[in-house]
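In what follows, a single structure is set out as structure tokens and then discussed.
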Amino acid sequence: MEIIGFIGVLAAICLIILFSAKGLNILIGAPLATMVVLVTNRMNVLEWMLRPEQSYLASVGDFFVSMFALFILGTILSQYMQDSHATTSIARTVLKIVGRDKPFNALFALAVIGLLISYGGINSVIVYFAIIPIAHSVFKELDINWRLICIPVFLGVASITMTMLPGTPSPTNVIPAEALGTSMTAGKLLGFGASIVAFIYGVVYMKFRLDKSLANGETFYSYLEDTDQEMEDPDESDLDEEEVAEEDIPPFFLSILPMLVLIAIIFMFSEVTNIVVIALLAAVLLCAIFFRKYLNSSDKELLNEGAADAVMPTLAMGSTVAFGTVLIESTGFNFIVTFLNSVLANPVLRLTIVSVALGAITGSSSGTVGILVNTMAPEIIAEGVDPVVVHRISGVASSIFALLPHAGAYITFSSLTHLPQKSTYRDSFAIVGGCHFVALITMLVITYFFY
């Protein structure tokens, strides 16, 4: 029976990845994959899908209730930052400082832009919209192979600000802080130590790939050779940076002020319950006040768009969490855990392996963390592991395989850059997976000596 259940778990994982790869909405794909788990593990399908508590729909509802405020305020903040061209102001200033005439400096600047904007709580998709149009003109001017755009973008958006830096308002940091009773800035030694090592790795890899590309004589259009399908001519696409007059964008300091305030509030009042929601609300109010003369849309339009844009991502992530929540109650998953417990006596290593595996299963680091902190974490803490260690390691370990081909963020990136996944996946995974792998090793070493 356990073997059949184990096979069912593997089949469900393959199905949810296949559904995503084929473009099926996760709101449909997740419950279908969940039912495969239920049938193969001889669990009551109707009860586990529909009952008010401890079911698929209950998990979706719980996640929505706990996280919707964060999502809606984050998307509204993103709307204000984008509509006022504050993100453009930040990008132009950073590029002006490092210079546009040196290839590596340009790539490094794009990564820094992503770090600054994402650390301010801006949704990664909005960061793509801010960086990619500017990057297109820079890459073309410097004649850099366009396929390398994935390296600075993901180094800036999907590495240290996604899971490692203390205080980052990402869901991967918010969820364990609320569930474990830690804080947004918990584990500073773990977080900052891992961030430094991961960023150095990312920068070195970026330099290596750029130098190799230039040595091979690759040009901006060399990316067309990476695919056998006819790609859209970049000159006819919507990638080129929108021409916005300097007087129509806010000054750099004013543009970055809402994010500085958001970060400052989180750091100064990290022990306060729901502090990230309060900080996001403050940032939104600052945008509404100081960006008024630069806005192209009305407040009502921005609020409506932000609210609408928040619903689907929240439900999608909730569906992923719900799939994992049901999956871990199955006999097939318990078979896996029992095996790991028999070969891994160390609770930190056990947490690490399960986090990595569950991250690959769900394709979502925040979804994995949401599952772990409410199920496995209490047992790990009861064995004497510091909650701060659980907080940091679960987030980083679950992100090693966060950029699977069916990940929503990666699909969006490919669409915006007009690049096929097969031409960018190797470099994308090397940055996202590689940064989190070296960060995980760093955290395990620090935990061994200091916790």
Notebook entry, point to check: Can you check whether Met81 reaches Leu77 side chain to side chain, under 4.5 Å on heavy atoms?
Noted result: yes
Check: What is the minimum heavy-atom distance between Pro258 and Ala283, and which atoms define it?
Finding: O-CB, 3.7 Å
Notebook entry, point to check: Hey, are His391 and Asn173 close enough side-chain-wise for a donor-acceptor pair under 3.5 Å?
Noted result: yes
Check: What pairs with Phe335 under ring-ring contact (aromatic ring centres under 6.0 Å, His included), at least two apart in sequence or on another chain?
Finding: Phe6
Margin query: Could you work out, with side-chain hydrogen bond (donor to acceptor under 3.5 Å, both in side chains) as the rule, every residue matching Arg350, not counting sequence neighbours?
Written below: Asn341, Glu383
Notebook entry, point to check: In Å and rounded to the nearest 0.5 Å, what is the CG to CZ distance from Asn374 to Phe63?
Noted result: 10.5 Å
Item checked: Non-hydrogen side-chain atoms of Met184 and Val174 separated by less than 4.5 Å -> yes
Notebook entry, point to check: Atom CD in Gln54, atom CG in Asp62: separation rounded to 0.5 Å?
Noted result: 10.0 Å
Next item on the list: Apply side chain to side chain contact (heavy atoms under 4.5 Å, CB included) to the pair Phe333 and Val37, showing each step before the final yes or no.
Entry: CA-CA 10 Å; Phe333 185 79; Val37 174; over 6 Å; no
Check: Judged by atom type as modelled, is there a donor-acceptor pair below 3.5 Å linking the side chain of Asn274 to the main-chain atoms of Val277?
Finding: no
Next item on the list: Flag the pair Arg147 / Arg426 as yes when at least one side-chain heavy-atom distance between them is below 4.5 Å, and no otherwise.
Entry: yes
Next item on the list: Answer yes or no: is there a donor N or O on one side and an acceptor on the other, between the side chain of Asn346 and the main chain of Leu349, under 3.5 Å?
Entry: yes
Checklist line | Thr442 side chain vs Val438 backbone, donor-acceptor pair below 3.5 Å | finding: yes
Note to self: What verdict does the side chain to side chain contact (heavy atoms under 4.5 Å, CB included) test give for Val197 and Tyr201, after you've listed the backbone C-alpha separation in whole Å, the side-chain angles of each residue and the deciding distance to 0.1 Å?
What the structure shows: CA-CA 6 Å; Val197 174; Tyr201 161 83; 5.6 Å; no
Next item on the list: Would you give the length of the straight line joining atom CG of Leu10 to atom OG1 of Thr40, rounded to the nearest 0.5 angstrom?
Entry: 9.5 Å
Notebook entry, point to check: CZ of Phe199: more than 12 outside heavy atoms within 6.0 angstrom?
Noted result: yes
Margin query: Between Asp386 and Val388 (side chain of the first, backbone of the second, donor and acceptor by atom type, cut-off under 3.5 Å), is there such a pair?
Written below: yes
Checklist line | Within-4.5 Å side-chain heavy-atom neighbours: Leu107 and Phe139 | finding: yes
Check: Taking Ser55 for the side chain and Pro52 for the main chain, is one N or O donor matched with an acceptor at less than 3.5 Å?
Finding: no
Notebook entry, point to check: Does the side chain to side chain contact (heavy atoms under 4.5 Å, CB included) test come out yes or no for Met312 and Leu27, once each step is laid out?
Noted result: CA-CA 9 Å; Met312 283 303 297; Leu27 299 185; 3.5 Å; yes
Check: More than 12 heavy atoms of other residues, nucleotides or ligands under 6.0 Å from CZ of Phe64: is that the case?
Finding: yes
Notebook entry, point to check: Any idea which heavy atoms bring Gly187 and Tyr451 closest together, and the distance?
Noted result: CA-OH, 4.1 Å
Item checked: Closest non-hydrogen atom pair between Ala33 and Ile16, with its separation -> CB-CB, 4.1 Å
Notebook entry, point to check: Is there side-chain contact between Glu305 and Thr75, with heavy atoms separated by less than 4.5 Å?
Noted result: no
Notebook entry, point to check: So, for Gly8 and Val36, which heavy atoms are closest and what is the spacing to 0.1 Å?
Noted result: O-CG1, 4.0 Å
Next item on the list: Answer yes or no: is there a side-chain heavy-atom contact under 4.5 Å between Pro169 and Leu280?
Entry: no
Next item on the list: Side-chain contact test, heavy atoms from C-beta onward, threshold under 4.5 Å: evaluate it for Met206 versus Phe104 and give yes or no.
Entry: yes
Notebook entry, point to check: CZ of Phe192: more than 12 outside heavy atoms within 6.0 angstrom?
Noted result: yes
Notebook entry, point to check: For Thr368 and Ser398, which heavy atoms make the closest approach, and how far apart are they?
Noted result: CG2-CB, 3.5 Å
Next item on the list: Mind running side chain to side chain contact (heavy atoms under 4.5 Å, CB included) on Asp427 and Arg209 for me, showing each step along the way?
Entry: CA-CA 9 Å; Asp427 288 326; Arg209 288 293 292 120; 2.9 Å; yes
Notebook entry, point to check: Would you call Tyr56 and Pro31 a side-chain contact if the rule is heavy atoms closer than 4.5 Å?
Noted result: yes
Next item on the list: Would you please name every residue forming a salt bridge (Lys or Arg N to Asp or Glu O under 4.0 Å) with Lys212, sequence neighbours left out?
Entry: none
Next item on the list: Scan for side-chain hydrogen bond (donor to acceptor under 3.5 Å, both in side chains) pairs involving residues 4-19, sequence neighbours excluded, and state none if there are none.
Entry: none
Notebook entry, point to check: Roughly how far, to the nearest 0.5 Å, is the CG atom of Asp309 from the CD atom of Gln79?
Noted result: 5.5 Å
Notebook entry, point to check: Would you call the rings of Tyr425 and Phe429 parallel, tilted or perpendicular if under 30° counts as parallel and over 60° as perpendicular?
Noted result: parallel
Margin query: As an exercise, state the distance from CG of Leu286 to CZ of Phe291, rounded to the nearest 0.5 Å.
Written below: 8.5 Å
Next item on the list: Please determine, by modelled atom types, if Asn334 and Glu329 share a side-chain donor-acceptor pair under 3.5 angstrom.
Entry: no
Notebook entry, point to check: Rounded to the nearest 0.5 Å, what separation is found between the OG atom of Ser355 and the CZ atom of Phe401?
Noted result: 12.5 Å
Checklist line | Heavy-atom closest contact (Val369 atom, Gly395 atom, distance) | finding: CG2-CA, 3.7 Å
Checklist line | Ser330 backbone acceptor or donor facing Asn41 side chain under 3.5 Å | finding: no
Notebook entry, point to check: Listed by chain and number, what are the side chain to side chain contact (heavy atoms under 4.5 Å, CB included) partners of Val45, not counting sequence neighbours?
Noted result: Met35, Leu38, Val39, Met49
Which atom pairs, one a donor and one an acceptor, fall under 3.5 Å between side chains of residues 150-167 and the rest of the protein, sequence neighbours left out?
from, atom 1, to, atom 2, distance (Å)
Ser159, OG, Leu155, O, 2.4
Thr161, OG1, Ser118, OG, 2.8
Thr161, OG1, Gly156, O, 3.4
Thr163, OG1, His436, NE2, 2.8

